[in-house]
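A short worksheet on the structure shown next.
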Amino acid sequence: MQEWANQLCENRQFGSKMTDSKYFTTTKKGEIFELKAELNSDKKEKKKEAVKKVIASMTVGKDVSALFPDVVNCMQTDNLELKKLVYLYLMNYAKSQPDMAIMAVNTFVKDCEDPNPLIRALAVRTMGCIRVDKITEYLCEPLRKCLKDEDPYVRKTAAVCVAKLHDINAQLVEDQGFLDTLKDLISDSNPMVVANAVAALSEIAESHPNSNLLDLNPQTINKLLTALNECTEWGQIFILDCLANYTPRDDRESQSICERVTPRLSHANSAVVLSAVKVLMKFMEMLPKDLDYYGTLLKKLAPPLVTLLSAEPELQYVALRNINLIVQRRPEILKHEMKVFFVKYNDPIYVKLEKLDIMIRLASQANIAQVLAELKEYATEVDVDFVRKAVRAIGRCAIKVEQSAERCVSTLLDLIQTKVNYVVQEAIVVIKDIFRKYPNKYESVIATLCENLDSLDEPEARAAMIWIVGEYAERIDNADELLESFLEGFHDESTQVQLQLLTAIVKLFLKKPTETQELVQQVLSLATQDSDNPDLRDRGYIYWRLLSTDPVAAKEVVLAEKPLISEETDLIEPTLLEELICHIGTLASVYHKPPSAFVEGSRGVQHKRLPGSAGSGESVDSPDTGSAAGVSEAPPAVIPSQGDLLGDLLNLDLTPPTATGPPPAPSSGMQMGAMDLLGGGLDSLMGDESEPPPIPLRTDTPQSPQLSHQSPSPPDYSPTELGGDLGGSPAMGAGFGAPAAAMPASFSAPVSGGLDDLFDLGGGVGMPMGAYSPPKTVWLPAMKAKGLEISGTFARRAGVIQMEMTLTNKAMSVMTDFAIQFNRNSFGLAPAGPLQVLTPLSPNQSIEVALPLSTVGPVMKMEPLSNLQVAVKNNIDVFYFSCQYPISMLFVEDGKMERQVFLATWKDIPNDNESQFQIKDCHLSSDAASNKLQGSNVFTIAKRTVEGQDMLYQSMKLTNGIWVLAELRVQAGNPNYTVSLKCRAPEVSQCVFQSYEAMLKN
Amino acid sequence: MIGGLFIYNHKGEVLISRVYRDDIGRNAVDAFRVNVIHARQQVRSPVTNIARTSFFHVKRSNIWLAAVTKQNVNAAMVFEFLYKMCDVMTAYFGKISEENIKNNFVLIYELLDEILDFGYPQNSETGALKTFITQQGIKGQHQVINITHCSSVRFIVSACGAVPYLLSALLMIPLHTFFLFSAFSAYQPSPFVSSDTVSLPVPQTKEEQSQITSQVTGQIGWRREGIKYRRNELFLDVLESVNLLMSPQGQVLSAHVSGRVVMKSYLSGMPECKFGMNDKIVIDKQGKGGASDEAGKSDLGGGSGKQSIAIDDCTFHQCVRLSKFDSERSISFIPPDGEYELMRYRTTKDIILPFRVIPLVREVGRTKLEVKVVIKSNFKPSLLAQKIEVRIPTPLNTSGVQVICMKGKAKYKASENAIVWKIKRMAGMKESQISAEIELLPTNDKKKWARPPISMNFEVPFAPSGLKVRYLKVFESKLNYSDHDVIKWVRYIGRSGIYETRC
């Protein structure tokens, strides 16, 4: 026995000398011929060796496609090992050799009938991986059989194969009825088959947002929950992720699902735990808060989340990014667990930074002492980013927990004493925020700060320091000298510093007018005459005019009370947070971005939402059946993407019509405030493109910070302060966003999309405003058009109606010969020229096309009125889709009616033709609304104010000469507007109203 | 889902590349190399987005494993999968190294084909995989013995020094006798090997095939039917790492134990197991009825006679029936064959801190520091702690150090800026001290020395959490062996995690 073992060991050793690595070393020139000979050898072993060599060459990137026929010849064998090797080769080369791949079809089909289930599964699995049309055709029959195979291993493989086939040819899958078979598999007796079927269906459903594919009802949910207890760890993840898409009917059902999911929290696999957390977080929304079970559930969530932190670092990172979201949504879960987020010396940097983020979020009066002690330790570490963030965190603590402010300030002063350059600069930036929060409290430290003036070389720190000097100019004896010293190199400073310096000197002048007249003259002339920067110039001019016309008013404006800065930093905007909670565990939760920001095509574009709480059943909109982001029918403006929200924010800031126009009337401090904001806002947005986009703000909450810009606010709203007001200075945001910034350069794509919007608007500042144009939506999904995806929108630019489209080629081959045609439509829209796609569109490429439209085409009334049917042709086929255009595109520039004519017409049109609509949740003032509408050629003719209610009388003219008259009633403080429309052709009213709503809300 | 999986060597050369999805182009392989492996900066995130493609990576020694996707995948799942992939490869061919990967590339491709289908992870339990993966692992050439084939070597006790403790700590447990090992000098990863588990030949008969497929897809995917051992045996290791952060005044700032129960099972058939420990919730539930059980074991194995412990949280191997744990708090399962991690747990209450460190640092003028550190062992005198190491950080401008210690050896290591004091063994309830004089060079550096904490390493033969194994019952109704016939072993090892005292 012993001998036998020894011998065996020796054999193994001998064997191990002839390992696979030898295959990597063949580099001789004639090797292809040698291999060919070996492949055709009679000896099985030799064949096997040869195929291994071929695969080795394939791996290192050598082209061995020439051996295709020889390798395929080896396929007909009953040796499973050899078969697997050949299949591996086939998967790699079939696509490049489609004709030869046909040679393999017969063997595949035969293997699908093999008595050995392992071979049947192998065949169907491999066939699904070969993306050759002809092979796909032959796949259908075997697949159908395999889906009903007696062996569960074959069925589970076939289930995934349906997803593969759907990826290649979605239509075929639908036509062949595989989807129904797949649905049946959810009731399969084998848990793994169920899990794979769920995974496949979920994936297919993602690309059909409106289909009712994953028909989740209590019965199927029950089946899934049963399978959950029995399947592999991976299967549990698939099922939990799918469950998270379900919306329970009531709180009872919600509770019973939660009860069955909670045991998963003890699973060793972190992904199972996180997916279970996702389901619980979502369904918890529906439970009444006074329910005992609700409290129990909250308690049960904390320990598993803490346990995730003892996983491997990469998983810790994923867990921490998710905990960051969970803490924002439900701070109570982890409020007692501060200690576990303390940074360990050996943590990787990405874990450290994330932990720090969460520590700040959890900081409270109860634990602040501990937190500060920790933060102070961190500030002495090595990694610069980490140290900076720790210093900022100390500042955040001061702002968040008032009782600790004093201790924080003294800690910061200690750190400044270290004289470590970046620590000092960071400390000064946060001290500025502390001053903002607690005015006139810690000014004693200014002297210490001033000592470090020379060592500041980062713009943000310089700007912060200048702000402090300006703000407390009356207490600093040599404030003028300090500021003057900065002035010497004015042109070398960054814009941020220049703007701040300008404001600070104006403040100084208003406080100590006698000594500083010369200085203020100097800075004003530097800013207005020698600068190319429009923001700086404009700000300079405003101050200049203010100071020269009415110094008292100037004082009121410049030295006005500043609004408080908020306690929490970079909170994720609530709707985004809700969406991200629905994506716990996934990439979206790691990036803190909605999937649409990084997933191409139609997948994942669907926005998920948390279910409403118990009782408010009305708002419950099942995400899988919801009409959100519909392909062609849904109104384009339902869910603006982030970029559009950005545009939104700016729109609001841009409200005053005369942004760069003539000097404003002395009383209009409000407009200047807003304009200064515009400068600041643009600046902080454009200054740092690599940053994640600032948090988009909702426009429908009255407390929403940007609304304060509408009211008179101090014009010294520098970029940093603007940021501070929005919830922490943007630089702070940048600091905390470091991991995000470190992440994807490619995110600049969506970001710069948003920025483009800004530039567009910025360009239009001279005119009243750009016309409203809805965001692009997908009109023609790629799967319906053999890989061509068209998304687009309509816009009116300089009086020309344009159809702006993005054509994306998602197919494998080049597309050429594009042409476009419209069906007859209500307003006679027709292309004014050919579709300008001059270069062929290669795979994975996108092109932007703007097609000018005329309104002289044939007319036919459509239902709905603004429906447009389009045909697009390319070298592959002709595709049809329909879309809706906002009727505001048709409002012409000369739509302003004379007052008298208006009155007469209004009376003339019978009252039957009048229709009234409500626009809800619009927070614009009547002036702002009027300006906004004017941008889209809706002209305000008169305004009347009756009992606090503003009545705007407006007119617009459609391209076909139809006049529409409107009365818009706006009551201060009431977000609901009333529009009455009168028109001789009353059928357009509905469309006009929709446009009104879209224009006002965007 | 996962769109592709690449394995690179340290230079960024591709060793394995398997693409599952059509949306992953050939250039993805290079994108990762250029942007991550060859990046000038230190890696700032394990997830990287390059041109709308997301890369997840983990590193094992100098091998990079990267999963790539264009969709919104479950990120936690991807990392769990990558770890699992590493486990499977390690189980097949040992250390993950360039050499081993090249030696086994056909095996790796076969594995990748099986455990990821269209990017969806499938059954990835090594035990199950071995029943139908045709390739066999080839271990590195320097690894002499292929353990699975040594039928004659059944039991290796490498550290015979453990024997006395083994006898002294005989442990009586309800229904059964447990032996208790005290810690060996080193923890041997798998000295216990059984003869009967050689890798199987490719299945031939129809019954064999369908048995495999039903096992791979079935509820018990981690174990195959028909395992037979002449001697049914199981080993339980309770491995804990105790973490501490203490203030200079001796106040505990934070302390927690993270523990693992590792099981090596060599049992025939499909045994149903039930594992019991002194979990507070269970003990309290049993109330007085369980009191007689406790009597026998109250002072064995550890430093204190704690009856039960409060477990903050625990997670289990997928073999454990979680719903049963949730409802009854009982741990029942059918174990995988061989070694696996049964559970992990975490405790924060009533931790036995095996050592207390009392630091005293005095600055004498600007050029001298006097350091005195006392360590006290705090457990039963009959037990021995091993591999004790105390690390006392010194300032960067240290020019010379004189050390005097009562026990063990101490050395100043300039390269590590620390005095390292090593003691081979130390019994419980003892104390030892070191004193050192540190000469400093005068510097202009205004930044004060941050005084990093004093850290400690050690290994003790008990569980600092106080966890005790109460029983592990084995039931196999179909075969003719009973719980009494199974030979069971249990040992406890407590190690230092991050064990620091600020000074």
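This structure is a prediction, so every number in the text was calculated from the model and none was measured.
- Looking at B:Arg346, its side chain never comes within 3.5 Å of a backbone N or O of A:Ser310 through a donor-acceptor pair.
- Within the 4.5 Å cutoff, the side chain of A:His267 has heavy atoms near those of the B:Leu322 side chain.
- No part of A:Leu308 comes within reach of chain B, as not one of its non-hydrogen atoms sits under 4.5 angstrom from that chain.
- Contacts between A:Met58 and chain B at a heavy-atom distance below 4.5 Å are absent for every atom of the residue.
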Could you go step by step and tell me if A:Tyr591 and B:Asn49 meet the side chain to side chain donor-acceptor pair (under 3.5 Å) rule?
-> CA-CA 9 Å; A:Tyr591 292 151; B:Asn49 192 300; 3.2 Å; yes
Given the rule in the side-chain contact (heavy atoms from CB on, under 4.5 Å) test, do B:Asp113 and A:Leu122 qualify, once you have shown the distances and angles that lead to the verdict?
-> CA-CA 9 Å; B:Asp113 195 42; A:Leu122 180 67; 3.9 Å; yes
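- Interface remark: A:Glu377 contributes side-chain atoms only to the contact with chain B (heavy atom separation under 4.5 Å).
- The closest side-chain heavy-atom distance from B:Gln135 to A:Lys52 is below 4.5 Å.
- Contacts of A:Asn322 with chain B are absent, with no heavy-atom separation under 4.5 Å from either backbone or side chain.
- The OG atom of A:Ser266 lies 9.0 Å from the CE atom of B:Met343; values are rounded to the nearest 0.5 Å.
- Of the listed residues B:Val58, B:Val29, B:Val320, B:Ile16, the one with more heavy-atom pairs under 4.5 angstrom with chain A than any other is B:Val58.
- Within 6.0 Å of atom NZ in B:Lys324, 12 or fewer heavy atoms from other residues, nucleotides or ligands are found, so the atom counts as exposed in its surroundings.
- Looking at B:Asn72, its side chain does come within 3.5 Å of a backbone N or O of A:Ala588 through a donor-acceptor pair.
- Judged purely by distance below 3.5 Å, without hydrogens or angles, the side chains of A:Asp151 and B:Thr213 pair a donor atom with an acceptor atom.
- Using a 4.5 Å heavy-atom cutoff, the side chains of B:Lys84 and A:Asn269 are not in contact.
- Looking only at side-chain heavy atoms (C-beta outward), B:Glu114 and A:Lys84 come within less than 4.5 Å of each other.
- Residue A:Ile237 touches chain B through its side chain alone, counting heavy-atom pairs closer than 4.5 Å.
- Heavy atoms closer than 4.5 Å to chain B are found nowhere in A:Tyr87, neither backbone nor side chain.
- Residue contact with chain B, scored on non-hydrogen atoms closer than 4.5 Å, involves the side chain of A:Asp383 exclusively.
- Contact annotation for A:Leu88: only side-chain heavy atoms (C-beta onward) come within less than 4.5 Å of a heavy atom of chain B.
- Neither the backbone nor the side chain of B:Ser327 comes within contact range of chain A, judged by heavy atoms closer than 4.5 Å.
- Interface summary for chain A: among B:Trp222, B:Phe56, B:Tyr120, the most heavy-atom pairs under 4.5 angstrom belong to B:Tyr120.
- Remark: the backbone N or O of B:Gln318 is not paired with any side-chain donor or acceptor of A:Glu233 at under 3.5 angstrom.
- Interface remark: A:Glu374 contributes side-chain atoms only to the contact with chain B (heavy atom separation under 4.5 Å).
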Would you sort out whether B:Lys59 and A:Glu312 count as a salt bridge (charged side-chain N to carboxylate O under 4.0 Å, His left out), showing the intermediate values?
-> CA-CA 11 Å; B:Lys59 245 186 123 175; A:Glu312 289 83 348; over 6 Å; no
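- When each of B:Tyr83, B:Phe325, B:Tyr20, B:Tyr109 is scored by its heavy-atom pairs under 4.5 Å with chain A, the top score falls to B:Tyr83.
- Counting only heavy atoms from C-beta outward, the side chains of B:Val78 and A:Leu587 never approach each other to under 4.5 Å.
- Heavy-atom distances place the side chain of A:Asn190, and not its backbone, under 4.5 Å from chain B.
- A:Ser275 touches chain B through its side chain: at least one heavy atom from C-beta onward sits under 4.5 Å away, while N, CA, C and O do not.
- In terms of heavy-atom pairs under 4.5 angstrom with chain A, the leader among B:Leu82, B:Val73, B:Asp312 is B:Val73.
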Apply side chain to side chain donor-acceptor pair (under 3.5 Å) to B:Asn74 and A:Thr586, showing your working.
-> CA-CA 4 Å; B:Asn74 188 321; A:Thr586 68; over 6 Å; no
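- Contact of the A:Val306 side chain with the B:Asp313 side chain is not registered, since no non-hydrogen atoms from C-beta on lie closer than 4.5 Å.
- For chain B, no part of A:Arg155 is nearby; none of its heavy atoms comes within less than 4.5 Å.
- Interface remark: A:Pro115 contributes backbone atoms only to the contact with chain B (heavy atom separation under 4.5 Å).
- Put simply, the side chain of A:Phe342 does not reach to within 4.5 Å of the side chain of B:Ser254, judged on heavy atoms.
- Scanning all heavy atoms of the two residues, the minimum distance from A:Trp234 to B:Gln122 falls at CD1-O, 3.0 Å.
- Neither the backbone nor the side chain of A:Ile584 comes within contact range of chain B; no heavy atom of the residue lies under 4.5 Å from a heavy atom of that chain.
- A 4.5 Å side-chain heavy-atom check between B:Asp117 and A:Arg125 finds at least one atom pair inside the cut-off.
- Per-residue counts of heavy-atom pairs under 4.5 Å with chain A were compared for B:Gly25, B:Ala75, B:Gly119; the largest is that of B:Ala75.
- Heavy-atom pairs under 4.5 Å with chain A were tallied for B:Arg18, B:Glu13, B:Glu125; the largest tally goes to B:Arg18.
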